[in-house]
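Written below as structure tokens is the structure these notes are about.
Counting convention: from 1, in listed order, for ligands and their atoms alike.
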Amino acid sequence: MKVMTKSPLQIARSSYQPKLPAALKGNVVIKVGAATESVADQTEIKQLFPNTYGMPLLTFQTGEKKENPAIGVGVILSGGQAPGGHNVICGLFDGLKSLNTNSKLYGFIGGPIGLVEHEYIELTKEIVDEYRNTGGFDIIGSGRTKLEEEWQYEKGAEICKKIGINAIVVIGGDDSNTNACVLAEYYSQKNNGIQVIGCPKTIDGDLKNEMIETSFGFDTACKVYSELIGNIQRDANSAKKYWHFIRLMGRSASHITLECALQSHPNICIVSEEVEAKNLTLNDVVDDIVKIIVIRAGHGLNFGTILIPEGLIEFIPAMKKLIEELNDLLAHNEDFIALNTDEEKRQYVKGMLSKETSDVYRSLPKGIARQLTLDRDPHGNVQVSLIETEKLLIEMVAKRLAQLKAEGKYKGKFSAINHFFGYEGRCAIPSNFDADYTYSLGYTASVLISEGKTGYMSSVRNLTAPAAEWIAGGVPITMMMNMEKRHGEMKPVIQKALVLLEGEPFKYFAAHRENWADEKSSYIYPGPIQYYGPTEVCDQPTRTLMLEQGI
Ligand code: FBP
């Protein structure tokens, strides 16, 4: 038998031609829209970004052919992997070549650090073709280095000058695009001719606004997790003996968890933003779960599914306060770093926190408390993917049920299994939606560059319509910014989009969750992503996007 080096699906996907908006198929002209302002803190943001603040919105239309000079472009993949990253690069490559076949694309290796350390490769047709419609970021790798110091910007400019790079494309989430904006402003101030363009990436779905309807990767990742949740629900409904506590990735916002709930109808789904709005404590969250477990047990149903957002812990007001204090306390804290044992660290932290937060810290199981003091990522965020909230909840729920049993108020059986879905979806083969969307974003970036723009993010909108009707253009990154506390200091950052409790996706969920919790099984089994077949099976965007757009 012939040795297999690629799966049949890999082979088939390599020849899939992503769909483009009609405006990008021919010669493109730019329609300049209204001037913009930042979503908040306008005075501070304007002061920090004098060259890139207030720029107009841009949309593309078909127009006259024109000559485009050959240019050099460098691309960076930044932050966590998200399905479709390779297709952004493919779209960028094809777009640049369609404008001038002599243009060159370089990839910086390992994320933003590649720009600073001058690690790069030229991305040729042979290389790019190998990665068409594939998942992962392995074409050039990714990283989370934060670009925030002048010497880093200067090192970047040095390599751009040396190999003839006119523009840098940063493919990343809110923090990485904040980096991109700062870099764009710095290069504009220096007037060194290097443009910077961002692309909205993150499975978390929290980089979105009026002009960025969704970040890429959210669609595929949610479909992968929903398939797994559906499979678990079939198992739960067959074996009828386990409660499955499923934590889902999404550092902060609960978009992934909510979307998976909309796709699979679990018995319980926690939405962090609601927990915060209702000012719930951890015990309140546990009581809400227990209530449903007891009701189902009363109907002889000692099984079910619970979706838990990764970021939950940061949205419980008392925990949020604790994390904020820990962030300030641990930022650049040499004394803490010098301590050797977990116990020493625990004692140190307990002694430094305010009375109120110290009590919360002490009330947590030691393992969870320790997880809260682990290293922050380079952007100052707690690494919530390392905090095992699902296990914490199982422990607390089991304790509460045991109490109720002792009081004669619960007669069921409680056996729980924990799951964490995150890495299973981050590098999946992009769905048709993500394959098309990312290719269009990359292609859009090539046009923004050829038009001399900087400090813009690629924007492709009208995403619930067929791809030909998508609207491509650019949105100034400063428009998305506000001031937030990071590492103990106020910094300009892109505002995260959290789940809106008055938004249609949450409202739909809230209107149906009681039925999903109840005895009649409402489970939905989404099955695996389909790449070939009828469009209503293969090309559907997320439920979130459809509900947001009134479909
Ligand atoms: P980005 O915001 O960089 O896209 O990353 C998203 C994410 O997948 C989160 O959902 C998760 O908390 C985090 O990355 C985990 O990152 P890492 O694997 O680097 O710890």
Just jot down the ligand 1 atoms closer than 4.0 angstrom to any heavy atom of E310, in number order.
9 (C), 10 (O), 11 (C), 12 (O)

Where's the contact between R426 and ligand 1, heavy-atom distance under 4.0 Å: side chain, backbone, both or neither?
side chain

Over 60° means perpendicular and under 30° means parallel, so tell me whether F218 and H255 are parallel, tilted or perpendicular.
perpendicular

Per atom 14 (O) of ligand 1, closest listed option by heavy atom (R144, K201, K496, M249):
R144

Do D328 and K485 meet the salt-bridge criterion of a basic N to acidic O distance under 4.0 Å?
yes

Under a heavy-atom criterion of less than 4.0 Å, does A82 contact ligand 1?
no

Kindly assign one of parallel, tilted or perpendicular to the pair W470 and Y437, based on the angle between their ring planes and the thresholds 30° and 60°.
perpendicular

On the six-membered ring of Y423, is R426 placed so that its NZ or CZ lies under 6.0 angstrom from the centre and within 45° of the ring axis?
no

I want to know if ligand 1 touches G80 in the polar sense, i.e. an N/O pair below 3.5 angstrom.
yes

Closer than 4.0 Å to some heavy atom of G79 - which atoms of ligand 1 meet that?
3 (O)

Would you say G250 has any N or O atom under 3.5 Å from an N or O of ligand 1, going by distance alone?
yes

Distance-only N or O hit between ligand 1 and R251, under 3.5 Å:
yes

Do the ring planes of Y153 and Y186 sit parallel (below 30°), tilted (30 to 60°) or perpendicular (above 60°)?
tilted

Enumerate, atom names and distances included, each donor-acceptor pair closer than 3.5 Å involving a side-chain atom of residues 307-321, sequence neighbours excluded.
| residue | atom | partner | partner atom | Å |
| --- | --- | --- | --- | --- |
| E310 | OE1 | G250 | N | 3.1 |
| E310 | OE1 | R251 | N | 3.1 |
| K320 | NZ | E276 | OE2 | 2.8 |
| K321 | NZ | E356 | OE1 | 3.1 |

Is T202 touching ligand 1 with its side chain, its backbone, both, or neither, if touching means heavy atoms under 4.0 Å apart?
both

Pairs satisfying salt bridge (charged side-chain N to carboxylate O under 4.0 Å, His left out), at least one member in residues 471-484, at least two apart
E484-R486

